[in-house]
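What follows is a short report on a single structure.
Values below: every heavy atom of this structure, side chains too, minus hydrogens, waters and symmetry copies. Order of the sequence lines fixes the chain letters, A, B, ..., with proteins taken first and strands second; residue numbering starts at 1 for each chain. The structure displayed is predicted, hence computed values, not measured ones.
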There are 2 protein chains.
Amino acid sequence: MSKIIKKRNAVASKNLILRNATKLFSKKGYSSTSMEELASMCDLNKAMIFYYFDSKQGLYEAVIIEVLDEIYKHLAKENKSIDNPKQELSNFIKTFASFSDSHPYLPSLLLKELSDSGAKIPKTLFSHMKKLYTLFTNILKRGEEVGDFFDVVPMIIYFMIMGTLNLMVTTKNLRDMAHEMDGLDTCSTCDMDEISEYIDKKIQKLLKDK
Amino acid sequence: MSKIIKKRNAVASKNLILRNATKLFSKKGYSSTSMEELASMCDLNKAMIFYYFDSKQGLYEAVIIEVLDEIYKHLAKENKSIDNPKQELSNFIKTFASFSDSHPYLPSLLLKELSDSGAKIPKTLFSHMKKLYTLFTNILKRGEEVGDFFDVVPMIIYFMIMGTLNLMVTTKNLRDMAHEMDGLDTCSTCDMDEISEYIDKKIQKLLKDK
DNA sequence: TATATAATTAACTATCTAGTTAGTTAATTA
DNA sequence: TAATTAACTAACTAGATAGTTAATTATATA
């Protein structure tokens, strides 16, 4: 009988929307995500979404920028004050891998956005993406100068790492199924540490002198 | 005044729908693709889509299976009667790359499907995917037996190739932009031959003995 | 040429979705 | 405590979308 009185808390509500939106967008993609569903997931009225973020597109951009910021913070932190490109590259791969593992939806959201070729990506988003990529190319560049890395095409190496990790994370279920049903070797028992170590080893090898 | 009389041709109509659906689904994704738009693209009544393929989901599955078949045919053809795993791997990479290049939307559609982690992928689709992957693992397996390849985790190598190629193709526009605007080295002048040759070289290197 | 059938259409329904609005309640401040 | 503001809601609009249906037209065949 007694109606539950909810405390009002703008910050909490806004964060709640952002967190659930991140989950939904990355699980379902932009257009399959319903604002109605998001609202009920947050136990808030749908109008609150438009109250805090203006439009579905606006919410989406907020989500992506937060994601990029979070990834960048992780990577930049781990990468400070080391002056050994090989080690820095290992750190980059491992940090990105463990981040992907603990936030499986975030990197896939990122790559989805990257691949949306026709897209008119807003400036802020664009510059966030460049920051991440620049961090990476700097490691490779220093590695070349020091004589650690050879024959480097940074863009391709970057996508090798991001693409592989992302696919390994997002296909987990499918790989498990294929293994169970047909005994296929899909690396279904591999955990993320093994995977990232393997990728690291192989990338380091492919960058070594001829 | 005179109404244009259209010849009736079931096969042609069905194919037309399939072809345009492939374009639309891969450009816009599943849920952003409108059956109304598809119909008018084909210059057919929307009801024809449901007449030939039953439901949007059914059409989508038909599209994906056709894509997988086409890729598989390409790869299997190129791969016949060669008994040199290194060469076969090179062929696989180059064939997949040139296919991606000439049908930029198809591989991305495939990977999108793979990544839909929660998905209940229909059996036919699943078995088509396995066929492709099996073709690939067999090359690597023979390579190991012959002593050409070492320390192989086929699933990861597979995704390295597919993931990298796919990202390079789908990000073309974005990479061009980033290069023009900020002079970033995004491999924007690289053509697909250079890219696939580089990937081939690097993958071969990473599979070589320690 | 009459008939059956396959291909096609116009017009519809039911449902969903982003976004709005006018009004309500809780919290803050004067 | 009264007035103001910020957080919230219910009920709505307008447009889109997947899918249906009953009727129509072209084509092949008997």
Side-chain angles (χ1 to χ4, degrees), chain A residues 1-64 109 113 116 119-120 122, chain B residues 1-64 109 113 116 119-120 122:
Chain A
M1 290 300 118
S2 63
K3 214 171 177 185
I4 296 151
I5 297 159
K6 263 202 332 205
K7 278 254 181 72
R8 292 182 173 199
N9 186 338
V11 183
S13 295
K14 195 175 174 183
N15 279 341
L16 192 61
I17 293 172
L18 208 58
R19 271 206 308 284
N20 284 317
T22 308
K23 277 183 207 163
L24 280 183
F25 278 135
S26 38
K27 206 201 294 183
K28 308 191 158 197
Y30 179 77
S31 46
S32 298
T33 296
S34 140
M35 298 296 97
E36 189 62 57
E37 188 191 352
L38 172 57
S40 83
M41 209 172 157
C42 300
D43 205 15
L44 285 169
N45 192 285
K46 183 172 60 141
M48 295 313 289
I49 297 170
F50 297 89
Y51 179 67
Y52 288 119
F53 311 84
D54 225 68
S55 67
K56 187 181 183 179
Q57 189 62 39
L59 172 61
Y60 185 66
E61 275 162 41
V63 164
I64 302 245
L109 191 63
E113 194 57 33
D116 231 326
K120 20 81 228 69
Chain B
M1 288 298 119
S2 63
K3 211 166 175 190
I4 296 150
I5 297 160
K6 262 202 333 203
K7 276 255 179 72
R8 292 181 173 198
N9 185 339
V11 183
S13 295
K14 195 175 174 183
N15 280 341
L16 192 61
I17 292 172
L18 207 59
R19 273 205 307 285
N20 284 317
T22 308
K23 277 184 206 161
L24 278 182
F25 277 135
S26 39
K27 207 201 293 180
K28 308 192 158 197
Y30 180 76
S31 46
S32 298
T33 295
S34 142
M35 297 297 97
E36 187 63 56
E37 189 190 352
L38 172 58
S40 84
M41 209 171 156
C42 300
D43 205 14
L44 285 169
N45 192 284
K46 183 172 58 134
M48 296 311 290
I49 297 171
F50 295 89
Y51 178 68
Y52 288 118
F53 309 84
D54 222 69
S55 67
K56 187 182 183 179
Q57 189 62 38
L59 173 62
Y60 184 67
E61 276 163 38
V63 163
I64 302 243
L109 191 63
E113 196 55 35
D116 232 327
K120 40 330 108 275

Practice problem: Could I get the full list of side chain to side chain donor-acceptor pair (under 3.5 Å) partners for A:S31, not counting sequence neighbours? | Solution: B:S31, B:S32
Quiz prompt | Paired and unpaired positions of DNA chain C as dot-bracket, Watson-Crick or G-U wobble under 3.5 Å, | denoting a partner strand | solution = ||||||||||||||||||||||||||||||
Exercise. Decide if atom CG of A:N15 counts as having more than 12 heavy atoms of other residues, nucleotides or ligands within a radius under 6.0 Å.
Key: yes
Review item, nucleotides 3-7 of chain D N/O atoms under 3.5 Å of protein N/O:
residue, atom, partner, partner atom, Å
D:dA7, OP2, A:Y51, OH, 3.1
D:dA7, N3, A:R8, NH1, 2.8

Quiz item: When you measure from the side chain of A:K27 to the backbone N and O of A:T33, does any donor-acceptor pair fall under 3.5 Å?
Solution: no
Quiz item: CD1 of A:I49 versus P of D:dC8: gap in Å, rounded?
Solution: 13 Å
Quiz item: After noting the C-alpha distance and the side-chain angles of A:K14 and A:Y51, does the key distance pass the side-chain contact (heavy atoms from CB on, under 4.5 Å) rule?
Solution: CA-CA 9 Å; A:K14 195 175 174 183; A:Y51 179 67; over 6 Å; no
Quiz item: In chain order, what residues pass the salt bridge (Lys or Arg N to Asp or Glu O under 4.0 Å) check against A:E37, with sequence neighbours excluded?
Solution: A:K28
Quiz item: Run the side-chain contact (heavy atoms from CB on, under 4.5 Å) check on A:L59 and A:F25 step by step: do they pass?
Solution: CA-CA 10 Å; A:L59 172 61; A:F25 278 135; 4.0 Å; yes
Quiz item: Mind checking what makes ring pair (Phe, Tyr, Trp, His ring centres under 6.0 Å) contact with A:F53, not counting sequence neighbours?
Solution: none
Quiz item: Any side-chain heavy atom of A:K23 within less than 4.5 Å of one from A:N20?
Solution: yes
So which protein nitrogen or oxygen atoms get under 3.5 Å of nucleotides 16-21 of chain D's nitrogens or oxygens?
residue, atom, partner, partner atom, Å
D:dA18, OP1, B:T33, O, 3.1
D:dA18, OP1, B:K56, NZ, 3.0
D:dA18, OP2, B:M35, N, 2.9
D:dA18, N7, B:K46, NZ, 3.0
D:dG19, OP2, B:K56, N, 2.8
D:dG19, N7, B:K46, NZ, 2.7
D:dG19, O6, B:K46, NZ, 2.7

Quiz item: Crowded around A:N9 CG? As in, over 12 foreign heavy atoms under 6.0 Å?
Solution: yes
Quiz item: Looking only at heavy atoms, what is the nearest atom pair of A:L38 and A:I17, with distance?
Solution: CD1-O, 4.0 Å
